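Below is one structure, written out as structure tokens; comments come after it.
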Amino acid sequence: MSDNRDNLETMRHSLAHIMATAIQKFWPQSKFGVGPATEDGFYYDVNLDKTTISEDDFEKLEAEMHKIIAADQPFERIEKPIDEAIAWAQDNKQIYKEELLNDLKRSGTTVAKDLNREELGTISQGDSKVESVSLYRNGDFTDLCRGPHVESTGKVGAFKLIRVAGAYWRGDAAKAQMQRVYGVGFESDKELRQYLVKLEEAKQRDHRRLGKELGLFVFSDMVGSGLPMFTPRGTILREEFTRFSNDLRERYGFKKVWTPHITKKELYETSGHWSKFGDELFLVKSQETHDQLVLKPMNCPHHTRIYAAEPRSYRDLPIRYLESTTVYRDEKTGELGGLNRVRSISMDDSHVFAREDQIEAEINNLLAAANEFYSVINMGLRVRLSYRDDSDGYLGDKKLWESAQKQLKNAVETNKLEFNEETGEAAFYGPKIDFMATDAIGREHQLATVQLDFVQPERFGLEYVAEDGSKSRPVMIHCALMGSIERFLSVYIEHSAGRFPVWVAPEQIRLLSVNQESKTLDFAEKMLEQAKKLGLRVRADNTNESVGKKIRAAELMKIPYVIVIGEKEIASHEVIPRIRKDMAVHEEDKPVGIEQFLKTVSNEAKTRVHKTSMHG
RNA sequence: GCCGGCGUAGCUCAGUGGCCAGAGCAGCUGUUUUGUAAACAGCGGGUCGUGGGUUCGACUCCCUCCGCCGGCUCCA
């Protein structure tokens with residue numbers, strides 16, 4: 001198994017090398033950076049000085065690569081003492097390779113720290129002193145590379161270049177910007193085709209596309225980038241999910257609070273956010289006072305003010321607040337995209353103020369809530385526990401950290417969640433649990449986190465009176481089930497491909513009249529009223545169009561139930577629901593009484609089920 | 001913010017340094033009275049993202065800005 005993966009990686013690595021060979025041929029002045037294998041392919045970073053590679057060049061690049069592959073040139077591995085390799089890099093004006101080699105010579109490792117984990121590749125030799133490095137030659141092209149490579153260029157399977165993008169040298173925004181040419185590579189054409197099909201599937205599910213097709217949200221140039229507006233249909237989605245999250249948390253003892261959207265900046269100076277994230281805050285100027293106000297980028301400091309508004313006893317704790325509200329962050333424009341990254345961020349935010357000995361029980365609570373939430377929306381959940389390491393970069397008492405980390409882990413185990421632990425990944429103010437939700441096509445998304453905070457209670461001087469009358473400091477726990485509702489929706493829309501279950505479907509039932517006769521329209525109208533009385537979201541399509549066309553329109557909107565109304569229904573008082581395919585359970589085309597049908601649907605909405613069963 | 005690509009009707013997309021810029025769908029009007037994924041006909045609709053420049057002439061070439069897309073960096 002792992003052999004296979006190693007082979008695949010070697011192959012992709014070799015493909016990167018072959019691509020470099022082709023690039024070098026067309027742009028002899030190319031200066032190469034790193035060219036590793038990725039999850040499904042490879043890339044190479046390259047700097048072409050004054051010119052650039054564009055996707056229009058892919059055809060000739062691919063043709064050249066195919067030529068090299070057909071020639072089946074052997075890959076020759078050349079071991080060189082590191083100084084000779086540096087001389088080679090200098091002779092060939094490979095300034096980036098030279099930099100890497102110098103680092104390698106100095107410290108024994110390189111790149112590793114600067115690049116994302118899976119992107120390490122070119123030459124991390126591991127530890128200790130590096131005496132020599134490897135170069136690989138095929139034909140008359142030589143490249144510095146850790147390898148390994150396949151034996152010869154003929155043994156690389158199927159590939160396709162997919163895009164070209166920008167990337168900073170060594171991931172540092174202060175350094176040169178290079179071009180990163182991405183390709184995908186697989187052992188066979190078949191796998192490559194499957195991959196491309198999967199890409200296409202992901203494209204079909206893209207929430208931006210579905211948001212438009214299903215009429216869920218819009219953007220306007222006049223309003224601004226990263227500021228989505230939700231249509232009536234989209235707002236139903238937001239509100240149903242928010243209500244679910246709120247209900248769930250209220251059941252677990254949270255109380256709703258409300259805080260204003262602007263505040264004096266002193267609040268964030270005290271919390272410490274101003275110095276750290278000040279440039280991401282939107283400023284608001286008062287014309288009446290000299291106050292420097294800001295739009296809130298988070299709710300926790302506000303919530304500490306509610307906590308601190310009266311003296312608290314150990315008997316009062318834990319105190320749990322929830323607020324589903326919108327915060328504003330001035331994200332860099334280049335980072336915005338769809339609903340995934342926005343500047344108006346609606347959070348289902350909550351904060352617990354707890355005693356140290358209550359942490360585990362509270363985390364338990366929150367994990368149970370998260371478990372329930374994600375099981376209802378049918379997404380797999382896995383968690384990552386992030387702990388501190390031994391460095392000094394963390395605030396708060398070390399004993400408190402250790403106790404808290406242990407309690408986190410206990411709670412995760414109690415809730416039988418699949419988890420992994422990462423040391424050194426905690427925030428400076430406390431350990432945390434990140435939730436990774438898996439969507440219908442296998443992608444993982446980080447949505448919610450549970451985050452312990454030892455710092456804000458300190459900075460805000462939060463206290464409670466302990467049993468012995470002394471003052472003690474509570475810990476804060478930040479938690480959101482969805483995280484950002486916008487990001488959550490972007491994930492959920494793609495997860496469900498827009499086929500929303502009844503409880504969130506903006507339109508649950510559509511009635512189609514077969515003709516325009518008043519008998520038919522009246523009957524539809526009566527059923528419509530009946531459904532509305534049950535709180536169902538229903539619409540009648542009485543337009544003067546063919547039934548086929550109206551069905552098609554309803555299908556495209558992915559409406560769960562479509563009811564055709566004509567002579568038969570009027571006579572029998574029974575309908576044959578057309579059930580959206582993903583919900584149907586082998587009892588299609590059976591007539592059901594109108595009363596029973598509506599009751600069933602209303603029940604499905606209340607119980608938030610996915611599948612439908614009209615008959616018992 | 002940085003690198004690259006892009007911006008033509010509500011949507012998806014054609015189009016050429018030069019007469020009045022096109023199609024399908026959607027919309028509107030009429031005909032049709034329709035039975036489970038597209039009836040037929042007609043009509044309306046675009047200062048070709050924005051501001052400037054080059055040119056006898058620009059939707060087409062160049063620059064600014066706005067926005068979108070793919071990455072990078074970032075993500076309390």
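We name chains A, B, ... by the order of the sequence lines, and we start the count at 1 in each one. Note that this is a predicted model, so its numbers are computed, not measured.
Taking the six-membered ring where tryptophan is involved, the planes of F217(A) and F219(A) are perpendicular, since the angle between them exceeds 60° and thus also 30°. Y328(A) and H261(A) have tilted rings, their planes meeting at an angle from 30° to 60° on a 0 to 90° scale.
A cation-pi arrangement is absent between R12(A) and F42(A) under the rule of less than 6.0 angstrom and at most 45 degrees off the ring axis. Both the sub-6.0 Å distance and the 45° axial angle are satisfied by K60(A) relative to the ring of W27(A).
Contacts of Q446(A) with the nucleic acid, taken as non-hydrogen atoms under 4.0 Å apart, are absent. Contact annotation for K568(A): base contact, defined as any heavy-atom pair under 4.0 Å involving a base atom. Note on R487(A): a base of the nucleic acid sits closer than 4.0 angstrom, heavy atoms only. At the heavy-atom level, V514(A) lies under 4.0 Å from base atoms of the strands shown.
A donor-acceptor pair under 3.5 Å links the side-chain atoms of K550(A) to the main chain of T543(A), judged by distance alone.
Using a 4.0 Å cut-off, some side-chain N or O of R578(A) falls inside it from OP1 or OP2 of A37(B). Taking side-chain N and O atoms only, K212(A) has a distance below 4.0 Å to OP1 or OP2 of U12(B).
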Check: protein-nucleotides 61-71 of chain B nitrogen or oxygen pairs below 3.5 Å:
from, atom 1, to, atom 2, distance (Å)
G67(B), O2', D221(A), OD1, 3.3
C68(B), OP1, S225(A), OG, 3.2
C68(B), OP2, S225(A), OG, 2.8
C69(B), OP1, R208(A), NH1, 3.2
G70(B), OP1, R208(A), NH1, 3.3
G70(B), OP1, R208(A), NH2, 2.8
G70(B), OP2, R208(A), NH1, 3.3
G70(B), O2', R163(A), NE, 3.0
G70(B), N2, G166(A), N, 3.4
G71(B), O3', Y182(A), OH, 3.4
G71(B), O2', G166(A), O, 3.2
G71(B), N2, Q177(A), NE2, 3.1
G71(B), N3, G166(A), O, 3.4

Pairs under 3.5 Å (N/O, protein and nucleotides 25-31 of chain B):
from, atom 1, to, atom 2, distance (Å)
A26(B), OP1, K549(A), NZ, 3.1

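Interface remark: the R341(A) side chain does form a donor-acceptor pair with the C74(B) base, using a distance-only criterion of under 3.5 Å. If you check distances only, the side chain of E331(A) never reaches the base of G1(B) with a donor-acceptor pair under 3.5 Å.
Aromatic rings of F428(A) and Y394(A) (six-membered ring for Trp) have centroids beyond the 6.0 Å cut-off, not under it.
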Legend entry - Dot-bracket line, read 5' to 3' along RNA chain B, where crossing pairs take [ ] and | marks a partner on another strand, Watson-Crick or G-U under 3.5 Å: (((((((..((((....[...)))).(((((.......))))).....(.(((..]....))).))))))))....
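Checked against A38(B), G4(B), U33(B), the side chain of E517(A) finds its nearest nucleotide in U33(B).
Annotation: C75(B) and U16(B) have their C1' atoms spaced 46 Å apart (nearest Å). When the P atom is compared between U31(B) and U12(B), the two are found 33 Å apart, to the nearest whole Å.
Between E323(A) atom CD and T259(A) atom OG1 the span is 3.5 Å, to the nearest 0.5 Å. Atom CG of L281(A) is separated from atom CZ of R329(A) by 9.5 Å, given to the nearest 0.5 angstrom.
T326(A) and S344(A) are not linked by any side-chain donor-acceptor pair at a separation below 3.5 angstrom, with hydrogens and angles left out of the test.
Looking only at side-chain heavy atoms (C-beta outward), F282(A) and V284(A) stay at 4.5 Å or farther from each other.
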